[in-house]
Chemist: 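The structure's right below; bear with me while I get my questions together.
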Amino acid sequence: MKQFVPAAALAVLVALPAMAELENFTIDPNHTFPAYEVSHFGYSIQRGRFNRTSGRITLDEAARKCGAEVTIDATSVSSGVAKLDEHLKGEDFFNTPKHPNITFISTDCVFDGARVKSVKGDLTMNGITRPVTLAATTFQCAPHPMMKKKVCGGDFETAVKRSEFGIKYALPALGDDVKLRINVEAVKD
């Protein structure tokens with residue numbers, strides 16, 4: 001006896017694998033500038049950014065999976081003061097001759113519906129790796145109006161203690177708690 005499979009059921013079965021698709025994105029270095037905030041001796045919050053970032057993002061919206069590999073060029077640190085930038089690149093802070101990059105490699109993603117809510121992973125700075133969770137304050141994927149390609153972007157933030165990454169210069173007067181903000185835009189390959 002032959003078994004009968006309705007055409008509609010067959011169409012659904014064939015379409016299921018196509019619904020879940022892993023998409024690959026390349027970070028747009030012209031729209032991705034990670035930044036930091038730290039207390040300056042209790043007087044004010046000083047802010048700076050990194051001017052060169054690269055990496056890859058993967059996303060499967062249907063399966064609620066994502067991945068990220070982000071490389072921040074620590075030699076591109078910009079505080080707005082050239083002399084301070086040189087100090088930040090030295091042994092007291094990022095020690096860029098030995099550790100020119102800060103990296104984030106994801107290990108897990110949390111979704112709220114179709115939106116990425118947070119990304120867990122390993123942050124490596126000054127040669128030391130620690131787990132962090134980047135909370136998404138914004139996240140969106142949509143066709144870019146000018147490039148006509150899919151672009152995903154968001155703002156992610158976390159707080160770390162710089163001393164846990166071996167950066168102990170001027171503690172406790174200069175703040176230990178550092179807020180990291182990673183804004184990212186990535187273009188589909």
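Reckoned from all heavy atoms, side chains included, excluding hydrogens, waters and symmetry mates.
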Chemist: Quick check: does any side chain N or O of Thr107 sit under 3.5 Å from a backbone N or O of Lys120, one acting as donor and the other as acceptor?
Modeler: yes
Chemist: Check salt bridge (charged side-chain N to carboxylate O under 4.0 Å, His left out) between Arg115 and all other residues, then give those that pass, not counting sequence neighbours.
Modeler: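 Once residues adjacent in sequence are excluded, Arg115 has no partner under the salt bridge (charged side-chain N to carboxylate O under 4.0 Å, His left out) criterion.
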Chemist: Excluding sequence neighbours, so at least two apart, what forms ring pair (Phe, Tyr, Trp, His ring centres under 6.0 Å) with His87?
Modeler: Phe93, Tyr169
Chemist: Taking all heavy atoms of Phe165 and all of Asn126, pick out the closest pair and write down the distance.
Modeler: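 Closest pair (atom of Phe165, atom of Asn126, distance): O-ND2, 3.0 Å.
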Chemist: Any salt bridge (charged side-chain N to carboxylate O under 4.0 Å, His left out) pairs touching residues 142-152, not counting sequence neighbours?
Modeler: Glu23-Lys150, Glu61-Lys150
Chemist: Do Ile128 and Met125 sit in one hydrophobic cluster, given that two such residues count as connected whenever their side-chain heavy atoms are within less than 4.5 Å of each other, even indirectly?
Modeler: yes
Chemist: Does any pair with a residue in residues 33-45 pass side chain to side chain donor-acceptor pair (under 3.5 Å), and if so which ones, sequence neighbours excluded?
Modeler: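 Checked against side chain to side chain donor-acceptor pair (under 3.5 Å) - neighbours excluded - the pairs reaching residues 33-45 are Glu37-Arg47, Glu37-Arg181, Ser44-Gln46.
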Chemist: By ring pair (Phe, Tyr, Trp, His ring centres under 6.0 Å), which residues pair with Phe111, not counting sequence neighbours?
Modeler: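 Checked Phe111 against ring pair (Phe, Tyr, Trp, His ring centres under 6.0 Å); zero matches.
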Chemist: For a quick test of reading the model, state the closest non-hydrogen atom pair linking Val38 to Gly175 and the distance between them.
Modeler: CG2-O, 3.4 Å
Chemist: Give a yes or no on whether the backbone of Thr133 and the side-chain of Thr158 come within a donor-acceptor separation of less than 3.5 Å.
Modeler: yes
Chemist: Can you find a pair of side-chain heavy atoms, one from Leu59 and one from Cys141, that are under 4.5 Å apart?
Modeler: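 The answer is yes, as the side chains (C-beta and beyond) meet within the 4.5 Å cut-off.
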Chemist: Run the numbers on Asp189 and Thr26 for side chain to side chain donor-acceptor pair (under 3.5 Å), then give the verdict.
Modeler: CA-CA 7 Å; Asp189 295 344; Thr26 299; 2.7 Å; yes
Chemist: Contact between Thr53 and Pro29 at the side-chain level, heavy atoms closer than 4.5 Å - yes or no?
Modeler: no
Chemist: Going through the distances and angles, do Asp155 and Thr137 end up as a side chain to side chain donor-acceptor pair (under 3.5 Å)?
Modeler: CA-CA 6 Å; Asp155 290 318; Thr137 57; 4.5 Å; no
Chemist: Any donor-acceptor pair under 3.5 Å linking the side chain of Thr129 with the backbone of Thr124?
Modeler: no
Chemist: Using a 4.5 Å cut-off on heavy atoms from C-beta on, say whether the side chain of Val160 contacts that of Val132.
Modeler: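 The answer is yes; the side chains approach within 4.5 Å.
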Chemist: Not counting sequence neighbours, which residues clear salt bridge (charged side-chain N to carboxylate O under 4.0 Å, His left out) with Arg130? List them please.
Modeler: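 Scan of Arg130 (salt bridge (charged side-chain N to carboxylate O under 4.0 Å, His left out), adjacent residues dropped) gives none.
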Chemist: Sequence neighbours left out, what passes ring pair (Phe, Tyr, Trp, His ring centres under 6.0 Å) with Phe25? Give chain and number order.
Modeler: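 Ring pair (Phe, Tyr, Trp, His ring centres under 6.0 Å) check on Phe25 returns nothing, list empty.
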Chemist: Which pair of heavy atoms, one from Leu134 and one from Ile182, lies closest together, and at what distance?
Modeler: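 Reported closest heavy-atom pair: CD1-CD1, 4.2 Å.
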Chemist: Mind jotting down which residue pairs meet the salt bridge (charged side-chain N to carboxylate O under 4.0 Å, His left out) criterion with at least one end in residues 86-113? Sequence neighbours excluded, please.
Modeler: Glu86-Lys89
Chemist: Hey, quick one: are Leu171 and Leu88 part of the same hydrophobic cluster, counting side-chain heavy atoms closer than 4.5 Å, chains of contacts allowed?
Modeler: no
Chemist: Do Leu180 and Leu123 make a side-chain contact, defined as non-hydrogen atoms from C-beta onward lying under 4.5 Å apart?
Modeler: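 Sidechains of Leu123 and Leu180: in contact.
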Chemist: What heavy-atom pair brings Ser54 and Ile27 nearest, and what distance separates the two atoms?
Modeler: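 Taking every non-hydrogen atom into account, O-CD1, 3.8 Å.
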Chemist: Donor-acceptor pairs under 3.5 Å, side chain of residues 99-106 to any protein atom, not counting sequence neighbours: which ones?
Modeler:
unit_1 : atom_1 : unit_2 : atom_2 : d
Ser106 : OG     : Ala68  : N      : 2.7
Ser106 : OG     : Ala68  : O      : 3.4

Chemist: Would you say Asn183 and Phe33 make side-chain contact, with heavy atoms under 4.5 Å?
Modeler: yes
Chemist: Remaining members of Met147's ILVMFWY cluster at a side-chain heavy-atom cut-off under 4.5 Å?
Modeler: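 Val151, Val187, all in the cluster of Met147.
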Chemist: Tell me whether Arg56 contacts the main-chain N or O of Gly67 through its side chain, where contact means a donor paired with an acceptor under 3.5 Å.
Modeler: no
Chemist: Among pairs that include at least one residue of residues 78-138, which meet disulfide (SG to SG under 2.5 Å), considering only residues two or more places apart or in two chains?
Modeler: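 Disulfide (SG to SG under 2.5 Å) check on residues 78-138 returns Cys66-Cys109.
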Chemist: Could you name each residue pair satisfying salt bridge (charged side-chain N to carboxylate O under 4.0 Å, His left out) that touches residues 68-82, not counting sequence neighbours?
Modeler: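 Salt bridge (charged side-chain N to carboxylate O under 4.0 Å, His left out) check on residues 68-82 returns Arg52-Asp73.
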Chemist: Is a donor on one side and an acceptor on the other found under 3.5 Å between the side chain of Asp176 and the backbone of Arg162?
Modeler: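 The answer is yes, because a donor-acceptor pair under 3.5 Å joins these two groups.
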